[in-house]
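See structure below.
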Amino acid sequence: MGRHLVVTAAQLWDGSRLISNPVVEIADGHVVALGSQAERAIPTEAERLDFPNATLAPAFFDVHIHGAAGHDVMEATPEALGKVSRFLASRGTGNFLATTVTAPIDSTLRSLEGLAKLLQQAQTGEWPGARALGIHLEGPFLSHAKRGVHPPQHLLTPDIALFDRLFEAAAGHIRLMTLAPELPGAAEFAAHAVSKGVRISVGHSNATAAETNTALAAGATSATHTFNAMRPLDHREIGILGTVLTTDTLYAELICDGIHVHPSLVKLWWRAKGNQRGILITDAMSAAGMPEGEYMLGEFAVQVANGQATANGVLAGSVLTLDRALQNFVSYTGATVESVLPLLTQNPAAMTGFSNHAGTIREREPASFVALDMRGALLASIIHGELQTSA
């Protein structure tokens, strides 16, 4: 018999509506009852957690994360992914996409095979902490001009046969793939991947507006870490960045750590994408949650100091967590916590097609949610019915 728990708070956002004075009853890791205290009596036999001034909200969903707690997801071992998962759960993240970085193809294939087995285990059995719902393939189909820290010797032009090998190695678990639209054959490549259920995110790109729009016409639905590793905005050739900001139907990621994007541009992004298409990510690497020092991102070393992760002087992911991203975003924009919550819950779930697995609090579903104060600070994280402790 699992833990019998009742959680109360000032309000609850379930993914679509606000409930005042909510009561959430949890048993065996699932929500068994949900409503307002005016409608539903509080079971006296259950253990109770009360957050009198807090908002309850669905656990966060990070669609772009390479690692944490000293481990990279490309290690693809139970120990590595387990430690990443437990750390994420302690910071309010209930679901994520294990994100790769450009590496030799043989190494990438091995990682994908290992991740596929672990994802299957996480989805069908017991798993500690946050669950990897799929894989985000970031590289090798990226622009040399906007590669960031991705190793240039391993970047490749789009190759449908190679994609099929990668997809097969991942046992179909690739759900998101970053693609530079200007690469030869990118549109046909994107259309093929979309036909397999993969979402295409444009990024690491020096594309013009026309090249970007060709990828969107082929089925691309999102943009990878907006502003970063993108052709700069120009008032005559708006390029990929201008297209991302002005295409209302396109989802767009943002790293809100105060390092990757200036707070004033966070406001601009918010006005452009709003709470229907914006997605907050971490792009975190193995150093997240760890002391300063040297860590690995894929197969290369990254130095972490003063909150920045760099390789050869270039930003190399982050040490951000989504709870911190939420606090930053509220501070930078002046938006209410309630208005920002879709950026970490509903929107990533909708973009990836995982709305049945993430982004909501519903009866008969796994009890994975957070308690937040009015600034967005994390007060508690409950994942699969278990109160998480700081990792």
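Since we're looking at a predicted model, the values are computed, not measured.
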Separation between CG of Asn206 and CZ of Arg147, rounded to the nearest 0.5 Å: 13.5 Å

Is it the case that Arg48 and Thr8 place a side-chain donor and acceptor less than 3.5 Å from each other? yes

Gap between atom OG1 of Thr212 and atom CG of Leu241 - 0.5 Å precision: 9.5 Å

Salt-bridge present (Lys117, Glu113; N to O < 4.0 Å): no

Please say yes or no: joined through hydrophobic side-chain contacts below 4.5 Å, possibly via intermediate residues, are Leu341 and Leu378 part of one cluster? yes

Would you indicate whether the side-chain heavy atoms of Ile26 and Val7 approach each other to under 4.5 Å? yes

If you measure from CG on Leu322 to OG1 on Thr93, what distance do you get to the nearest 0.5 Å? 4.0 Å

Are any of the side-chain heavy atoms of Ile279 and Leu254 separated by less than 4.5 Å? no

List the steps and the verdict of side-chain contact (heavy atoms from CB on, under 4.5 Å) for Val6 and Glu25. CA-CA 4 Å; Val6 167; Glu25 186 177 356; 4.1 Å; yes

Should Asp234 and Arg236 count as an ion pair when the cut-off is N to O under 4.0 Å? no

Do Trp269 and Val337 share a hydrophobic cluster (ILVMFWY, side-chain heavy atoms under 4.5 Å, transitive)? yes

Spacing of Cys256 atom SG and Arg324 atom CZ [to the nearest 0.5 Å]: 9.5 Å

Report yes or no: do Thr282 and Asp62 form a side-chain donor-acceptor pair below 3.5 Å? yes

Contact between Ile255 and Ile281 at the side-chain level, heavy atoms closer than 4.5 Å - yes or no? yes

Any side-chain donor-acceptor pair under 3.5 Å between Ser36 and Asn21? no

Could you please spell out the steps behind the side-chain hydrogen bond (donor to acceptor under 3.5 Å, both in side chains) verdict for Asp283 and His64? CA-CA 5 Å; Asp283 196 13; His64 191 151; 3.0 Å; yes

His260 and Phe227: ring-ring contact (aromatic ring centres under 6.0 Å, His included), yes or no, with the steps? CA-CA 8 Å; His260 281 76; Phe227 299 108; over 10 Å; no

Is there side-chain contact between Ile135 and Thr99, with at least one heavy-atom pair below 4.5 Å? no

Which of these passes side chain to side chain contact (heavy atoms under 4.5 Å, CB included) with Phe60: Leu280, Asn95, Asp323, Leu88? Asp323

With Thr178, which of Glu138, His150, Glu253, His136 fulfils side-chain hydrogen bond (donor to acceptor under 3.5 Å, both in side chains)? His136

Least distance between heavy atoms, Ile174 atom then Leu112 atom: CD1-CD1, 4.5 Å

Testing the basics here: between Ala380 and Phe51, what is the closest heavy-atom pair and its distance to 0.1 Å? CB-CZ, 3.5 Å

Just do the side-chain hydrogen bond (donor to acceptor under 3.5 Å, both in side chains) check on His225 and His204 with the steps written out, would you? CA-CA 9 Å; His225 43 52; His204 278 282; 3.3 Å; yes

What is the minimum heavy-atom distance between Ser107 and Glu299, and which atoms define it? OG-OE2, 2.7 Å

Please check if any side-chain donor atom of Asp159 sits under 3.5 Å from a side-chain acceptor atom of Thr157, or the reverse. no

Are Trp270 and Phe329 close enough, and set up right, to give a ring-ring contact (aromatic ring centres under 6.0 Å, His included), and what steps lead you there? CA-CA 9 Å; Trp270 176 231; Phe329 196 87; 5.1 Å; yes

Just verifying a value: how many Å separate Met285 CE and Leu320 CG, rounded to the nearest 0.5 Å? 13.0 Å

State, with a plain yes or no, whether a side-chain heavy atom of Val198 is found less than 4.5 Å away from one of Val194. no

If I compare all heavy atoms of Ala311 with all of Val302, which pair ends up nearest, and what's the gap? CB-CG2, 4.4 Å

I'd like to check Val31 versus Ile361 (side-chain heavy atoms, cut-off strictly below 4.5 Å). Are they in contact? yes

Would you please test His30 and Glu363 for side-chain hydrogen bond (donor to acceptor under 3.5 Å, both in side chains) and show each step? CA-CA 8 Å; His30 287 70; Glu363 291 184 357; over 6 Å; no

Could you tell me if Thr310 and Gln303 have a donor-acceptor pair between their side chains, going purely by distance under 3.5 Å? no

Any donor and acceptor pair, going by atom type alone, linking the side chain of Arg131 with main-chain N or O of Ala122 inside 3.5 Å? yes

Could you walk me through whether Glu338 and Trp13 pass the side-chain contact (heavy atoms from CB on, under 4.5 Å) check? CA-CA 7 Å; Glu338 294 80 10; Trp13 184 73; 5.6 Å; no

Does any non-hydrogen side-chain atom of Val63 lie less than 4.5 Å from one of Tyr251? no

Working to the nearest 0.5 angstrom, can you tell me the gap between Ile105 CD1 and Leu156 CG? 5.0 Å

Mind listing the closest non-hydrogen atom pair of Ala287 and Val304 along with its distance? CB-CG2, 3.4 Å

What I want to check is whether the side chains of Thr208 and Glu211 have a donor and an acceptor closer together than 3.5 Å. yes

Go through it in stages, so that I can follow the logic: the residues are Trp127 and Ser85, the test is side-chain hydrogen bond (donor to acceptor under 3.5 Å, both in side chains), and I'd like the CA-CA distance, side-chain angles, deciding distance and then a yes or no. CA-CA 9 Å; Trp127 186 260; Ser85 295; 3.0 Å; yes

Could you tell me if the side chain of Phe300 sits less than 4.5 Å from the side chain of Val101, heavy atoms only? yes

Would you kindly confirm whether Leu166 and Leu179 end up in one hydrophobic cluster when ILVMFWY residues are joined by side chain heavy atoms under 4.5 Å apart? yes

Pair Ile382, Leu49 - check side-chain contact (heavy atoms from CB on, under 4.5 Å), show working. CA-CA 11 Å; Ile382 295 173; Leu49 288 176; 4.1 Å; yes

side-chain contact (heavy atoms from CB on, under 4.5 Å) evaluation trace for Leu97 with Ile65: CA-CA 7 Å; Leu97 296 187; Ile65 177 165; over 6 Å; no

Applying a strict under-4.5 Å side-chain criterion to I, L, V, M, F, W and Y, I'd like to know whether Ile240 and Leu245 cluster together. yes

Under a 3.5 Å threshold, yes or no: a donor from one side chain and an acceptor from the other, between Ser339 and Thr336? yes

Grab the two heavy atoms, one from Gln308 and one from Ile259, that are nearest each other, plus how far apart they are. CG-CD1, 3.6 Å

Could you see if Val340 belongs to whatever hydrophobic cluster contains Leu379? Use Ile, Leu, Val, Met, Phe, Trp, Tyr and a side-chain cutoff under 4.5 Å. no

Phe189 vs Phe141, test: ring-ring contact (aromatic ring centres under 6.0 Å, His included). Steps then yes/no. CA-CA 10 Å; Phe189 181 84; Phe141 310 112; 4.7 Å; yes

Among Lys146, Glu182, Arg231, exactly one meets side-chain hydrogen bond (donor to acceptor under 3.5 Å, both in side chains) together with Ser205. Which residue is that? Glu182

Counting distance only, does the side-chain N/O of Glu237 pair as donor-acceptor with the main-chain N or O of Gly239 below 3.5 Å? yes

